[in-house]
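Since the structure comes first, as structure tokens, the remarks are kept for the end.
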There are 2 protein chains.
Amino acid sequence: MANALTALADPTRRRIFEMVADRPCAVGEIAAELPVTRPAVSQHLKVLRLAGLVREQRRGTRHIYRLDPAGLDDVRAYFDAFSERSLTSFKEAVEHSVIGDRDDNEEEEEES
Amino acid sequence: MANALTALADPTRRRIFEMVADRPCAVGEIAAELPVTRPAVSQHLKVLRLAGLVREQRRGTRHIYRLDPAGLDDVRAYFDAFSERSLTSFKEAVEHSVIGDRDDNEEEEEES
DNA sequence: ACTAACTGTAAGTTAACACTAACGCTACGC
DNA sequence: GCGTAGCGTTAGTGTTAACTTACAGTTAGT
């Protein structure tokens, strides 16, 4: 799962993952829609595959890649655990009134 | 949300995020438990904060960081969308029997 | 067998980034 | 006031990694 997050960190690799998640794709197909060469896509797919996010299926000379639901579920479970933890810690915080008694600082931010 | 994934790619930053998610922490506390210097932790926290994953709250000279549930929810929503999509595409695949008619290749892998 | 189609791999380059050391800043205690 | 505690920031460095080019391998068609 650790590798899955590093794999999805790169924007290009994330676009590849999204394409493959939408529908099974061959390497050439993906490269045709991205501003990188085909070998680059091949390397990215290897990373995604080793991370357990993608599965390969050879059809003649074409290598078809599709989403691996298992890897995706691992990532989801990782973040779901944080959500549960944040709920309980929020409950405790309210009970002990640790939060809400002062929180005054804003600054640069981004992405809604 | 894009920045959130790149933020969580680094192992050190991920450990910091996990610590802060578990309970609110000051910068020095975090640095004490990690094999990096305090400025490094400070830089990592800035990245996490700009990614919307963490919130800052100044208590005197101490800067307390805690999880930002909103940023976490964004990440969860991102992956949840893929899960839904993979379910529908799996349904279509079964109906058209696109999968299950040949898939024979194994190789090196890792992480169960 | 030869060619074409499709892909993976190796080597090398360049930009990004995680880190440390040094410095500057703000809040609290004396 | 002065000193201390706790952080953030800057500049500089070393390493990682994403990319391209060139090459090698496998499959299908003639």
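So you know, we letter chains A, B, ... as the sequences are listed, proteins then strands, and number each from 1.
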Check this one for me: any side-chain N or O of [X] less than 4.0 Å away from OP1 or OP2 of [N]?
X	N	result
B/His63	D/dG6	no
A/Tyr65	C/dG8	yes
B/Arg13	C/dA18	yes
A/Ser42	C/dG8	yes
A/Thr12	D/dC19	yes

Take atom [atom1] of [X] and atom [atom2] of [N], then tell me their distance rounded to the nearest Å.
X	N	atom1	atom2	answer
A/Glu29	C/dT7	CD	C1'	13 Å
A/Leu45	C/dT9	CG	C1'	14 Å
A/Ile16	D/dA18	CD1	P	11 Å
B/Asn3	C/dC17	CG	P	11 Å
A/Arg15	D/dA18	CZ	C1'	16 Å
B/Asp10	C/dA16	CG	P	17 Å
B/Gln57	C/dA27	CD	C1'	16 Å
B/Arg49	D/dG8	CZ	P	8 Å

Taking the side chain of [X] as its heavy atoms from C-beta onward, which of [options] lies nearest to it?
X	options	result
B/His44	D/dC19, C/dC19, C/dT7	C/dC19
B/Arg62	D/dG6, C/dC19, D/dT9	D/dG6
A/Thr61	C/dG8, C/dA5, D/dC7	C/dA5
A/Lys46	C/dT9, D/dC7, D/dC19	C/dT9

Taking the side chain as everything from C-beta on, heavy atoms only, tell me whether A/Tyr78 gets closer than 4.5 Å to A/Leu5.
yes
Using a 4.0 Å heavy-atom cut-off across all strands, classify B/Arg38 as base, sugar-phosphate, or nothing.
base
Assess whether atom CZ of A/Arg76 is packed by more than 12 heavy atoms of other residues, nucleotides or ligands within 6.0 Å.
yes
State whether the number of non-hydrogen atoms from other residues, nucleotides or ligands found under 6.0 Å of B/Arg14 atom CZ is greater than 12.
yes
Donor-acceptor under 3.5 Å (B/Arg13 side chain, B/Ala7 main chain)
yes
If you go through the side-chain atoms of A/Gln43, does one of them form a donor-acceptor pair with the base of C/dT7 closer than 3.5 Å?
no
Could you pull out all residues at least two apart from A/Arg38 that satisfy salt bridge (Lys or Arg N to Asp or Glu O under 4.0 Å)?
none
